[in-house]
2 protein chains.
Amino acid sequence: MQAVFASRARDEGKSARTRARLMDAAVGVFAREGIEAASVNEIAQAADVANGTFYNHFKDKDEIVGSVAFAMARDVAARLDEAMQDLEDADERTSFATRQFIELATSAPEWGRALVDAVWHLPALRRQVSAYARADIDRGVRDGVFKVEVDDLLVDLFASMVLMAVFLRLEGEEGADTGARVAEHQLRMLGVSAARAKRVAWRTLTPLSLVE
Amino acid sequence: MQAVFASRARDEGKSARTRARLMDAAVGVFAREGIEAASVNEIAQAADVANGTFYNHFKDKDEIVGSVAFAMARDVAARLDEAMQDLEDADERTSFATRQFIELATSAPEWGRALVDAVWHLPALRRQVSAYARADIDRGVRDGVFKVEVDDLLVDLFASMVLMAVFLRLEGEEGADTGARVAEHQLRMLGVSAARAKRVAWRTLTPLSLVE
DNA sequence: CCCATAATTGGGATGTCTCTCAATTTCTGC
DNA sequence: GCAGAAATTGAGAGACATCCCAATTATGGG
């Protein structure tokens with residue numbers, strides 16, 4: 001288990017540290033039990049904290065679900081943005097984001113499971129993810145790299161493909177090349193030529209990590 | 001609410017009829033509350049039956065979930081097979097199945113919601129759905145209609161696209177042409193030419209229904 | 001080092017859920 | 001239309017969840 005929130009809150013006040021512990025614990029419980037089946041008691045216990053302490057920090061389970069999910073999404077987006085600074089071409093960016101997201105979720109399975117689960121529970125999160133993905137896709141259309149009409153449906157289909165890919169990797173049903181294969185499909189769907197899609201989607205990838 | 005199971009069990013013994021009533025009720029509750037949040041009490045109440053009666057017919061909630069989900073899948077498959085009898089070309093069949101499934105789930109929203117939810121809860125169901133979809137896809141490869149290598153990942157990606165499409169239609173975020181658009185994407189992913197994919201995926205469609 | 005404030009604790013009131021079972025009602029074959 | 005079998009009923013035991021709150025413990029500025 002990676003205590004991502006706690007390690008980042010190490011230098012903050014006690015309240016913030018406890019809150020972070022609860023959020024890390026929640027990620028683990030959500031991954032193990034699923035968000036719906038998770039109970040406040042379980043989260044508190046996993047965080048080594050009394051039941052009542054939970055309610056000093058969160059109104060109820062929904063609130064911690066939201067906090068955890070949006071924080072995870074923000075972190076992943078920040079990591080991707082940072083790593084993509086130097087990438088100019090929209091097809092490179094789209095492929096990179098797809099592949100790194102899948103690998104990130106796979107390499108931190110608790111985060112992966114919790115995040116995938118959360119996307120289905122929180123419509124607002126799904127919309128945010130779609131909007132994020134869409135930025136680079138629109139960029140590609142503007143630059144003439146993608147030669148198709150892009151609409152919400154296409155972006156949501158991409159999202160569903162990525163979620164399925166993460167799910168399959170977490171279940172052990174697919175292997176390390178899954179990200180590249182999904183990215184290649186996506187580039188083809190965006191009108192990129194077969195040759196270029198293959199070249200871009202299969203570039204060597206340096207793994208990212210969520211903690212520095 | 002369509003009492004699909006009950007209407008089919010009309011001429012059977014009392015036990016079978018009560019069982020069918022419970023299954024219809026379960027579909028409604030699963031759709032409204034989600035499978036996980038649904039309680040046995042709620043299902044019994046919706047079926048107009050005492051709590052204890054439930055346990056004469058099902059060991060617990062998991063058992064009715066399985067029964068309902070697999071029965072729904074079997075019904076949909078039977079309906080599709082029946083309607084596709086005359087379709088020979090694999091691209092026509094694939095497109096037809098995708099579109100009809102999406103429309104079927106949309107026109108019977110309770111079934112649609114319950115089924116989509118169930119696919120994520122029951123790995124065995126997802127595998128069964130994938131296997132079903134794969135039959136026509138493999139047929140297309142054999143016949144030379146689809147000019148790509150087909151593997152499990154591609155089939156699962158198709159499944160995820162269809163599930164997302166159903167979800168978006170049920171949420172009212174996409175309209176009646178969703179099925180055709182998804183089918184067109186799928187045919188393109190299978191190597192069908194743009195012109196033919198457009199022609200096949202946008203044929204006029206006669207709506208199917210789950211009850212005769 | 002002290003004390004006001006903040007944070008934590010854990011027990012308990014209240015509610016819901018699952019599953020059982022003895023009593024009762026409904027079926028069905030003769 | 002009756003007797004035995006089958007199905008149904010609903011109250012309740014037991015497990016567990018949420019959320020509150022009075023008592024206790026920790027924190028950190030002066």
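Order of the sequence lines fixes the chain letters, A, B, ..., with proteins taken first and strands second; residue numbering starts at 1 for each chain. Quick note: numbers below take in every heavy atom, side chains included, and nothing from hydrogens, waters or symmetry partners.
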Enquirer: Toward the 5' end of DNA chain D, which comes first, B:G52 or B:S15, by nearest nucleotide?
Expert: B:S15
Enquirer: Answer yes or no: is there an ion pair linking A:E171 with B:R126, defined by an N-O contact shorter than 4.0 Å?
Expert: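 A salt bridge is absent here (no side-chain N lies under 4.0 Å from a carboxylate O).
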Enquirer: Given the rule in the salt bridge (charged side-chain N to carboxylate O under 4.0 Å, His left out) test, do A:R93 and A:E88 qualify, once you have shown the distances and angles that lead to the verdict?
Expert: CA-CA 7 Å; A:R93 293 178 63 90; A:E88 284 298 330; over 6 Å; no
Enquirer: Distance check needed: D:dC20 C1' versus A:D60 CG, whole Å only.
Expert: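 Taking CG of A:D60 and C1' of D:dC20, I get 14 Å after rounding.
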Enquirer: I'd like to know whether A:W111 forms a ring pair (Phe, Tyr, Trp, His ring centres under 6.0 Å) with A:F5, so could you lay out the CA-CA distance, the side-chain angles of the two residues, the decisive distance to 0.1 Å, and finally the verdict.
Expert: CA-CA 12 Å; A:W111 274 56; A:F5 295 121; 5.6 Å; yes
Enquirer: Polar pairs (N or O, both sides) under 3.5 Å between protein and nucleotides 22-26 of chain C?
Expert:
from, atom 1, to, atom 2, distance (Å)
C:dT26, O3', B:K14, NZ, 3.3

Enquirer: Roughly how many Å is it from CD in B:E36 to P in C:dC17, rounded to a whole number?
Expert: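 Value for this atom pair: 14 Å.
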Enquirer: Would you mind classifying the nucleic acid contact of B:S39 as base, sugar-phosphate or nothing, using non-hydrogen atoms under 4.0 angstrom?
Expert: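 The residue B:S39 makes sugar-phosphate contact but no base contact.
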Enquirer: Between P on D:dG10 and OH on B:Y55, what's the gap in Å once rounded to a whole number?
Expert: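 In whole Å, D:dG10 P and B:Y55 OH are 16 Å from each other.
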Enquirer: Would you mind reading off the distance between A:R17 atom CZ and C:dT8 atom P, rounded to a whole angstrom?
Expert: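 One finds 9 Å between P of C:dT8 and CZ of A:R17, rounded.
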Enquirer: According to a strict under-4.0 Å criterion, is B:T18 in side-chain N/O contact with OP1 or OP2 of D:dT8?
Expert: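 For D:dT8, OP1/OP2 do have a side-chain N/O of B:T18 under 4.0 Å.
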Enquirer: Would you say the base of D:dC20 and the side-chain of A:N51 have a donor-acceptor pair closer than 3.5 Å?
Expert: yes
Enquirer: Send over the distance from B:N56 CG to D:dA5 P, rounded to a whole Å.
Expert: 17 Å
Enquirer: With side chains defined as the heavy atoms from C-beta onward, is the minimum distance between A:L80 and A:Y132 less than 4.5 Å?
Expert: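 A side-chain contact exists here, since the closest heavy-atom pair is under 4.5 Å.
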Enquirer: Judged by each residue's nearest nucleotide on DNA chain C, which is more toward the 5′ side, B:V40 or B:G13?
Expert: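 First, find each residue's nearest nucleotide; the 5'-ward one identifies B:V40.
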Enquirer: Round to a whole Å and report the spacing from NE2 of A:H57 to P of D:dC19.
Expert: 16 Å
Enquirer: Could you tell me the separation between the CZ atom of A:F58 and the C1' atom of D:dT18, rounded to a whole number of Å?
Expert: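 Whole-Å distance recorded here is 16 Å.
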Enquirer: When rounded to the nearest 0.5 angstrom, what distance separates OG1 in A:T178 from CG in B:D156?
Expert: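 Result: 10.5 Å between the selected atoms.
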Enquirer: Report the C-alpha separation of B:D75 and B:R8 in whole Å, then their side-chain angles, then the decisive distance to 0.1 Å, and conclude whether the salt bridge (charged side-chain N to carboxylate O under 4.0 Å, His left out) test is met.
Expert: CA-CA 11 Å; B:D75 286 357; B:R8 195 168 327 158; 3.0 Å; yes
Enquirer: Would you indicate what A:T53 reaches in the nucleic acid, counting non-hydrogen atoms under 4.0 angstrom: base, sugar-phosphate, or nothing?
Expert: base
Enquirer: Take atom CZ of B:F54 and atom C1' of C:dC21, then tell me their distance rounded to the nearest Å.
Expert: 17 Å
Enquirer: Measure the acute angle between the ring planes of A:F167 and B:W120, then classify it against the limits of 30° and 60° as parallel, tilted or perpendicular.
Expert: perpendicular
